[in-house]
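Just so we're on the same page: letters track the sequence lines, and every chain starts at 1.
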Amino acid sequence: MAAAVATMMPNLGQQISSKNDMIPDWTSQEVSTGTTIMAVEYDGGVVIGADSRTTTGAYIANRVTDKLTPIHDRIFCCRSGSAADTQAIADVVTYQLGFHSIELDEPPLVETAANLFRASCYRYREELTAGILVAGWDRRKGGQVYCVPIGGMLVRQPVSVGGSGSTYIYGFMDSNYKPGLTKEQCLELTAAALSLAMERDGSSGGVVRLATISEDGVERRVILGNQLPKFSTH
Amino acid sequence: LRSVCIVVLLREYVSSKTINKVIQVHDRIFCCMAGSLADAQAVTKAAKFHLSFHSVQMESPPLVIAAASVLKELCYKNKEELQAGFITAGWDMKKGPQVYVVALGGMLVRQPVTIGGSGSTFIYGYVDAKYKPSMTKEECLQFATNALALAMGRDNVSGGVANLVVITETGVEHVVVPGDKLPRFHDE
């Protein structure tokens with residue numbers, strides 16, 4: 001099969017032309033979670049959301065991806081960038097956090113999880129392409145969202161978006177977010193923002209996955225393509 | 001009363017903070033420039049000449065699509081050398097208010113609302129969500145001002161002054177909003 005013959009290309013992201021026209025581009029492209037991810041704090045927890053598209057070049061390798069990865073009982077991360085890099089980092093942090101939590105004999109802080117992500121992303125910044133949102137609930141500070149973009153910076157924000165599709169929704173987010181939203185309003189805002197980004201960004205699409213994290217636990221839901229909020233088509 | 005919604009994105013230059021990127025190419029036709037300003041200015045000057053000549057030949061005001069086509073021809077024929085995009089908007093007797101976009105390579109397409117420039121990426125979501133067909137003039141102005149303010153808030157090379165123009169059958173109205181008078185949104 002042509003796919004089996006394709007050689008392993010070096011980890012360089014985009015290749016302008018394949019060596020052989022018989023071998024499609026996507027066999028030599030790195031797998032990327034193109035993505036739009038978003039996380040919003042509300043009083044009592046956080047709402048996180050992501051699209052579900054994973055691409056290798058122009059091919060959609062997985063159209064129902066779950067980019068909301070549990071790191072601990074009340075801490076999740078939203079992954080964007082290289083699928084391999086983010087999965088590897090998330091696995092490492094899950095292990096480190098689990099160990100730390102057992103040592104402490106109490107649930108870990110969201111800030112701790114975010115710092116563990118930051119430590120890995122910063123130390124190996126030259127080799128990694130990973131943009132991560134860490135969000136969760138702990139007893140000390142309630143709902144928190146931390147942003148760890150490419151390069152390994154760490155900053156806490158009340159609302160944060162990430163991934164390739166995020167550029168299209170900065171304006172929407174700035175105009176629609178206000179401090180003091182309720183959980184339902186946060187869910188609506190996230191679903192609307194993600195739909196708008198998925199409409200414009202080629203690397204984002206599929207379904208919208210949402211999760212709410214609070215003291216009571218984690219509640220997950222999926223909004224299918226035909227149920228997404230619709231906006232004026234022009 | 002249908003009005004034309006023009007969204008102009010202004011870049012901050014070292015040399016001038018009040019560069020006008022909305023050029024009048026005819027009485028009721030305006031052109032917004034984006035890309036390399038030198039290229040865009042050269043093209044609009046050439047287009048202005050072609051259009052006035054055409055208008056004299058036809059003995060009537062030019063159609064908006066004629067203005068857009070002139071720009072498109074220049075952009076398409078010289079696509080290797082040029083790096084300029086345009087939004088052409090105006091009013092004519094045949095089709096009323098229209099908005100056309102000429103993209104970088106010379107594609108010409110009509111749209112009810114369009115945005116361009118480096119700051120435009122940040123407001124695609126906002127424009128998609130907030131635009132409704134058949135808004136009033138005041139709603140349109142508010143919509144455009146908000147969109148510009150949001151883009152200027154996020155794009156580091158957009159800023160300074162917002163230039164807006166309202167074109168109707170009866171005439172042309174300029175609205176200038178300095179940066180400090182723009183609407184403010186949630187600033188984290």
Self-check item: Sequence neighbours excluded - side chain to side chain donor-acceptor pair (under 3.5 Å) pairs with any residue from residues 22-33 of chain B
Solution: none
Quiz item: Just how far is it from atom OG1 of A/Thr167 to atom OH of B/Tyr124, taken to the nearest 0.5 Å?
Solution: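 Atom-to-atom, A/Thr167:OG1 and B/Tyr124:OH are 9.5 Å apart.
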Quiz item: To the nearest 0.5 Å, how far apart are NZ in B/Lys130 and CG in A/Asn176?
Solution: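 One gets 4.5 Å once the value is rounded to the nearest 0.5 Å.
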Exercise. Only counting residues at least two apart or in another chain, list the ones meeting side chain to side chain contact (heavy atoms under 4.5 Å, CB included) with B/Pro183.
Key: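 With sequence neighbours excluded, B/Pro183 shows a side chain to side chain contact (heavy atoms under 4.5 Å, CB included) to B/Thr145, B/Asn146, B/Ala149, B/Phe185, given in chain and number order.
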Can you tell me if [X] has over 12 outside heavy atoms packed within less than 6.0 Å of its [atom1]?
X: B/Gln83; atom1: CD; result: no
X: A/Arg220; atom1: CZ; result: yes
X: B/Asn78; atom1: CG; result: yes

Quiz item: Quick one: are B/Val127 and A/Arg200 in side-chain contact, heavy atoms under 4.5 Å?
Solution: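 Answer no - side chains too far apart.
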Quiz prompt | Shortest non-hydrogen contact from B/Ala129 toward A/Phe231 | solution =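 Closest approach of B/Ala129 to A/Phe231, heavy atoms only: CA-CD2, 3.5 Å.
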Exercise. Identify the two heavy atoms, one from A/Leu196 and one from B/Gly125, that lie closest to each other, and give their separation to 0.1 Å.
Key: CD1-O, 3.4 Å
